[in-house]
Amino acid sequence: MMDKTFDPAAVESRIAARWEEAEAFKAGRPDRHGAAPYTIVIPPPNVTGSLHMGHALNNTVQDILCRFERMRGKDVLWQPGTDHAGIATQMVVERKLAETQQPDRRTLGREEFLRRVWAWKEESGGTIVNQLKRLGASCDWSRERFTMDEGLSKAVLKVFVDLHSQGLIYRDKRLVNWDPRFQTAISDLEVLQVEVKGHLWHIRYPLEGEADRFITVATTRPETMLGDTGIAVHPEDERYKDLVGKFAILPLVGRRIPIVADEYSDPEKGTGAVKITPAHDFNDFEVGRRHGLKVINVLGPEAQLALGANAAFTDGLQPSADLDAVLALDGLDRAEARKRIVAMLEERGILEKIEPHTHAVPHGDRSNVVIEPYLTDQWYVDVKPLAERAMAAVRAGETRFVPESWEKTYFQWMENIEPWCVSRQLWWGHQIPAWFDPEGQPFVALTEEEARAQAREKHGRDVELRRDEDVLDTWFSSALWPFSTLGWPDETPELGKYYPTTVLVTAFDIIFFWVARMMMMGLHFRDEVPFKEVYIHALVRDEKGAKMSKSKGNVMDPLDLVDQYGADALRFTLAAMAAQGRDIKLSVARVEGYRNFATKIWNAARFAEMNGCARVPGFDPAKVQGTLNRWALTEAATASEAITQGILAYKFNEAAGAAYRFTWNVFCDWYLELAKPVLQGEDGPAKDETRATVAYLLDLICALLHPFMPFLTEELWAIKGAEGEPRANVLALSPWPELSGLKDAAAEAEIGWVVDLVSEIRSVRSETNVPAGAQVPLILVSPSPQVTERLPRWIDTIRRMARLSGVTIGDAAPKASIQVIVRGEVAAVPLEGVIDVAAERARLDKEKTKALGDVAKIDAKLGNADFLARAPEEVVDEQRERRDDLTARIAKMDEALTRLQGAQ
RNA sequence: GGGCGCGUAGCUCAGCGGUAGAGCACUGUGUUGACAUCGCAGUGGUCACAGGUUCGAUCCCUGUCGCGCCCACCA
């Protein structure tokens with residue numbers, strides 16, 4: 001005997017164990033020999049992370065696809081794994097060290113620190129994987145990978161060495177985005193522009209040799225003026241034309257700096273004269289390069305003033321009191337330095353004005369501190385040629401974006417792609433396979449021995465080599481994920497079979513970080529796109545539409561929802577809300593609603609159990625005779641097509657909606673109700689067939705819903721399996737329903753009439769305040785032969801469902817009666833004092849008014865010659881038909897109203 | 001500055017060139033043996049606004065207003 005409700009907490013772990021035991025999710029199962037492969041690589045979550053709502057959606061979608069295709073007989077590989085997430089993980093461990101009063105990273109030293117990170121990974125690395133399992137993710141867990149696994153690390157080194165030997169990786173000294181908190185370079189993508197309310201300081205720079213003449217520059221960063229090596233004005237700017245070629249004297253410092261003409265200067269901005277600080281601004285760097293300006297770095301790695309031992313800064317300067325005061329600021333943090341310098345300028349009366357100014361300031365996406373453009377040596381990938389190929393592949397349709405509009409985003413970024421800075425001054429990550437000789441010349445090789453050999457070749461002797469301490473950007477290894485997880489660089493059977501992968505499922509926020517880079521690397525190293533389709537799903541946002549994030553404190557924990565409502569309810573909610581092109585604002589009420597849906601299914605199964613609806617081996621739906629059963633199968637066929645098409649088109653909301661409506665509104669609300677008289681009546685062939693059909697349809701519902709609600713359906717599958725012959729398989733490996741040849745129009749006409757009739761009577765009873773318990777008679781007025789023929793079959797059901805004392809046939813409606821019109825036929829309920837005449841009159845009036853309005857609209861159309869001439873014939877016919885129906889209804893309502901005149 | 005998207009029922013959202021839908025909420029009602037995490041019935045919408053295209057526009061186009069996001073920009 002089944003429990004009254006489905007208890008997810010009790011069932012989920014048991015079901016998960018069953019799948020594991022059956023090795024249901026293993027790729028390359030013997031029963032899939034020769035089957036078409038279907039591959040998805042998981043977007044690897046941070047190894048030390050925990051599941052958030054975005055993961056829940058992302059993995060629900062992947063799981064729906066994988067379970068669906070697995071049931072459709074494919075050899076499915078859902079490749080799981082985790083990412084080492086360089087900065088994020090290193091940050092977490094450093095914070096932990098600080099919290100527990102342990103020595104910091106530098107005190108511990110690289111080796112010991114890395115030991116601690118690995119320990120932390122061992123300790124917490126399983127968390128997110130277990131959370132994914134709780135969600136029901138049907139990954140092939142036996143193939144789990146980690147981006148710093150031996151195999152994946154091997155792939156990373158090979159890619160680096162190969163790209164280097166192909167000239168696509170090079171070392172360059174230029175400005176990078178420097179994160180002063182982590183003291184590492186980061187890529188353009190890791191920089192977020194944040195609107196900040198700041199100031200615009202207008203500073204007078206005296207002209208050389210001309211007393212009392214000056215040029216005013218405006219800046220948002222006065223502290224960087226110490227590194228100024230020029231001033232730029234627009235060549236066409238009349239105001240400054242005569243100054244071009246002259247020199248200004250940098251206040252406080254005394255450096256002689258040239259005034260140059262450069263298009264970069266915008267006469268509209270600031271004063272039209274812009275100070276040039278090549279070491280601390282990307283644009284200035286370019287301007288400086290064009291005009292041969294010096295590059296003077298005045299900041300250290302922590303964004304503190306670094307002037308003391310800085311020969312470039314003091315070079316050529318005359319000692320002065322001002323200069324001494326500036327040098328006394330050495331070591332100050334940039335914010336403090338700004339205050340002090342502004343104060344000094346003010347004291348000297350050369351600060352012309354200060355304006356409030358809002359502008360975008362770059363921040364590190366993880367550190368959230370202001371990023372400094374900083375001059376360092378870093379490794380770069382020349383991504384331009386790789387991007388060309390990656391764009392061509394999408395243009396050629398080798399990879400298709402769903403929804404298609406994301407292609408635009410992809411192209412826009414790819415077309416403007418800049419060299420990718422891949423080195424990070426961190427410890428946690430893949431250490432770069434480069435060794436430097438004493439001159440600082442790098443030798444890139446897979447092993448130190450090879451690097452040593454290269455050095456020997458160059459120098460003619462052995463030289464001391466020092467390995468590059470830097471590690472690679474985390475996304476460098478992620479970019480290889482679709483093939484590195486399959487064993488590359490070895491030519492494994494898996495690589496041959498499962499690459500290119502079928503579809504990548506991800507959110508749009510990592511199209512650049514990840515999708516684009518996988519495309520580039522995949523094409524370059526495998527000569528094939530890494531995935532044939534990219535399904536970009538929504539972002540799960542908070543109620544205000546903001547991205548959920550820990551720092552904002554607006555997160556909903558998917559595991560809380562799983563605990564409370566079950567994984568199936570959460571999954572179904574996400575699927576039902578995953579319409580394309582729109583973000584999801586999740587509501588708990590919705591999850592609750594789908595938990596109720598799970599209960600509903602459960603109880604339908606319980607009903608089946610109570611009524612002996614056991615599976616019949618060899619049941620063939622095509623051989624079913626009963627009209628009601630044939631109708632249910634017709635509806636099932638329609639629903640299963642809609643579900644299949646929905647999933648295939650990545651329209652999960654449509655698929656989920658079709659499954660929901662069929663299960664609840666068709667199967668439960670009508671089919672089971674209509675079947676009750678048979679199921680609870682005398683034994684016989686009709687009852688046997690109905691029982692078998694109920695059992696069959698329940699199995700069907702389980703199968704159709706399994707991709708969305710795997711736990712509930714698998715549990716029911718097992719329970720129903722225990723009734724008849726044991727099942728050969730878990731539901732997860734059972735075939736996806738393909739129903740054909742089951743649609744029966746005659747059954748639809750008959751059952752549709754019953755459904756409409758019962759609905760109408762119910763509606764009318766309710767509106768005219770007939771007491772719910774009252775049994776009233778129904779008279780079918782001059783029914784058609786078809787209805788007369790059907791009636792005996794349905795009379796009991798109609799009586800029961802519409803609460804009628806009896807159903808009879810008559811020539812005319814009684815004088816005072818409620819009247820309904822169903823599929824063109826009239827049925828009447830005599831008043832007999834049970835109904836509220838005024839209410840019935842109101843009801844008829846209301847309905848008639850609406851009908852008249854509809855007719856008027858249709859008449860307007862039909863009276864329009866253009867409509868008749870230009871609209872498609874079937875549309876015109878449809879309108880005429882509707883008009884006929886409506887006028888017939890109105891006539892019948894008029895009759896009914898007339899009859900009511902005589903009533904009490 | 002460049003780009004993308006969104007304004008549909010009280011709320012969260014589907015939909016769409018030809019009768020405007022769901023879930024939740026709300027109102028009335030019901031416990032007759034699957035289910036009150038339920039049944040039955042109902043209330044509720046100038047589909048942001050203004051033009052245009054069209055026989056016909058919530059849907060397509062243009063503009064306006066409002067909202068969100070991405071990219072670029074430390075004058």
Side-chain angles (χ1 to χ4, degrees), chain A residues 2 4-6 193 196 198 200-202 217-221 224 232 265-266 268-275 280-284 357 359-362 370-371 373 405-406 408-409 412-413 416 508-509 511-512 539 541 543-547 565 569 573 576-577 579 581-590 592-611 653-654 657 660-661 668-669 672-673 676 680 759 762-767 769 771-773 800-801 803 854 857-858 860-861 864-872 874-876 878-879 882 886:
Chain A
M2 290 170 69
K4 217 172 165 185
T5 56
F6 172 63
Q193 302 295 335
V196 169
L200 198 53
W201 285 273
H202 292 244
V217 299
T219 181
T220 55
R221 297 204 59 190
T224 64
S265 180
D266 180 350
E268 303 293 316
K269 283 190 189 168
T271 63
V274 58
K275 69 189 204 62
H280 298 289
D281 183 287
F282 289 99
N283 290 310
D284 291 8
H357 182 71
H359 59 141
V361 177
V370 175
I371 292 305
S405 57
W406 289 108
K408 239 180 165 165
T409 307
Q412 196 188 323
W413 186 69
N416 300 303
F508 68 83
D509 57 342
I511 289 180
F512 307 144
L539 233 47
R541 295 177 183 277
E543 66 282 355
K544 283 174 253 159
K547 226 166 151 171
Y565 299 106
T573 306
M577 295 186 81
R582 184 143 166 169
D583 289 338
I584 293 179
K585 286 191 237 165
L586 197 62
S587 80
V588 179
R590 202 77 190 250
E592 195 181 331
Y594 291 123
R595 184 275 316 266
N596 297 351
F597 179 46
T599 308
K600 186 74 182 178
I601 301 164
W602 184 260
N603 276 290
R606 208 160 70 100
F607 171 81
E609 180 190 66
M610 289 172 173
N611 285 280
N653 57 322
E654 289 182 10
Y660 182 93
R661 285 189 300 274
C668 291
D669 288 350
L672 290 184
E673 291 301 328
K676 274 179 183 173
Q680 290 160 5
S759 298
R762 281 172 170 172
S763 176
V764 135
R765 287 179 61 121
S766 169
E767 282 184 60
N769 305 322
R800 172 198 150 91
M801 293 186 76
R803 299 232 188 153
D854 288 349
K857 270 194 218 165
I858 293 171
K861 279 188 188 178
N864 182 338
D866 284 332
F867 175 71
L868 297 178
R870 305 199 187 204
E874 61 269 24
V875 172
V876 177
E878 196 186 307
Q879 296 294 325
R882 250 191 89 211
L886 285 165

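In the text below, chain A, chain B and the rest are named by the order of the sequence lines, each starting its count at 1.
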Say you pick atom [atom1] in [N] and the same atom in [M]; how far apart are they, in whole Å?
N: B/U43; M: B/G63; atom1: C1'; answer: 37 Å
N: B/A57; M: B/G51; atom1: P; answer: 13 Å
N: B/U58; M: B/G45; atom1: C1'; answer: 11 Å
N: B/C13; M: B/G28; atom1: P; answer: 29 Å
N: B/A20; M: B/C47; atom1: P; answer: 11 Å
N: B/G21; M: B/C26; atom1: P; answer: 23 Å
N: B/C6; M: B/G42; atom1: C1'; answer: 32 Å
N: B/C65; M: B/U12; atom1: C1'; answer: 24 Å

Evaluate the ring planes of A/Tyr660 and A/Phe597, with Trp represented by its six-membered ring, and classify them as parallel (under 30°), tilted (30 to 60°) or perpendicular (over 60°).
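Geometry flag for A/Phe597 against A/Tyr660: tilted rings.
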Where does the angle between the aromatic ring planes of A/His359 and A/His357 fall among parallel (under 30°), tilted (30 to 60°) and perpendicular (over 60°)?
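Tilted: the ring planes of A/His359 and A/His357 meet at 30° to 60°.
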A correct dot-bracket answer for RNA chain B, with pairs being Watson-Crick or G-U at under 3.5 Å, [ ] for crossing pairs and | for inter-strand pairs, is (((((((..((((....[..)))).(((((.......))))).....(((((..]....))))))))))))....
Taking protein heavy atoms under 4.0 Å as touching, what does nucleotides 53-61 of chain B look like 5' to 3' if B marks base contact, S marks sugar-phosphate-only contact and - marks none?
--B------
Can you list the residues that meet the side-chain contact (heavy atoms from CB on, under 4.5 Å) rule with A/Lys676, with sequence neighbours excluded?
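A/Phe607, A/Glu673, A/Gln680, A/Arg800.
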Got a sec, which residues hit side-chain contact (heavy atoms from CB on, under 4.5 Å) with A/Gln193, two or more places apart in sequence or on another chain?
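Testing A/Gln193 for side-chain contact (heavy atoms from CB on, under 4.5 Å), a comparison that skips the adjacent residues, returns A/Val191, A/Ala360, A/Pro362.
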Is A/Ile601 close to A/Phe6 at the side-chain level, that is, under 4.5 Å between some pair of heavy atoms?
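No, their side chains stay 4.5 Å or more apart.
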Applying ring pair (Phe, Tyr, Trp, His ring centres under 6.0 Å), can you list everything that pairs with A/His202, at least two apart in sequence or on another chain?
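With neighbours one apart ignored, the set is empty.
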Interface polar pairs with nucleotides 37-41 of chain B, N/O, under 3.5 angstrom:
residue: B/U37; atom: O4'; partner: A/Asn596; partner atom: OD1; Å: 3.2
residue: B/U37; atom: O2; partner: A/Arg595; partner atom: NE; Å: 2.8
residue: B/U37; atom: O2; partner: A/Thr599; partner atom: OG1; Å: 2.5
residue: B/C38; atom: OP1; partner: A/Asn596; partner atom: ND2; Å: 2.9
residue: B/C38; atom: O3'; partner: A/Lys600; partner atom: NZ; Å: 3.2
residue: B/G39; atom: OP1; partner: A/Lys600; partner atom: NZ; Å: 3.3
residue: B/G39; atom: OP1; partner: A/Trp664; partner atom: NE1; Å: 2.4
residue: B/A41; atom: O3'; partner: A/Ser763; partner atom: OG; Å: 3.4
residue: B/A41; atom: O2'; partner: A/Ser766; partner atom: OG; Å: 2.7

Using a 4.0 Å heavy-atom cut-off across all strands, classify A/Lys4 as base, sugar-phosphate, or nothing.
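Sugar-phosphate contact only.
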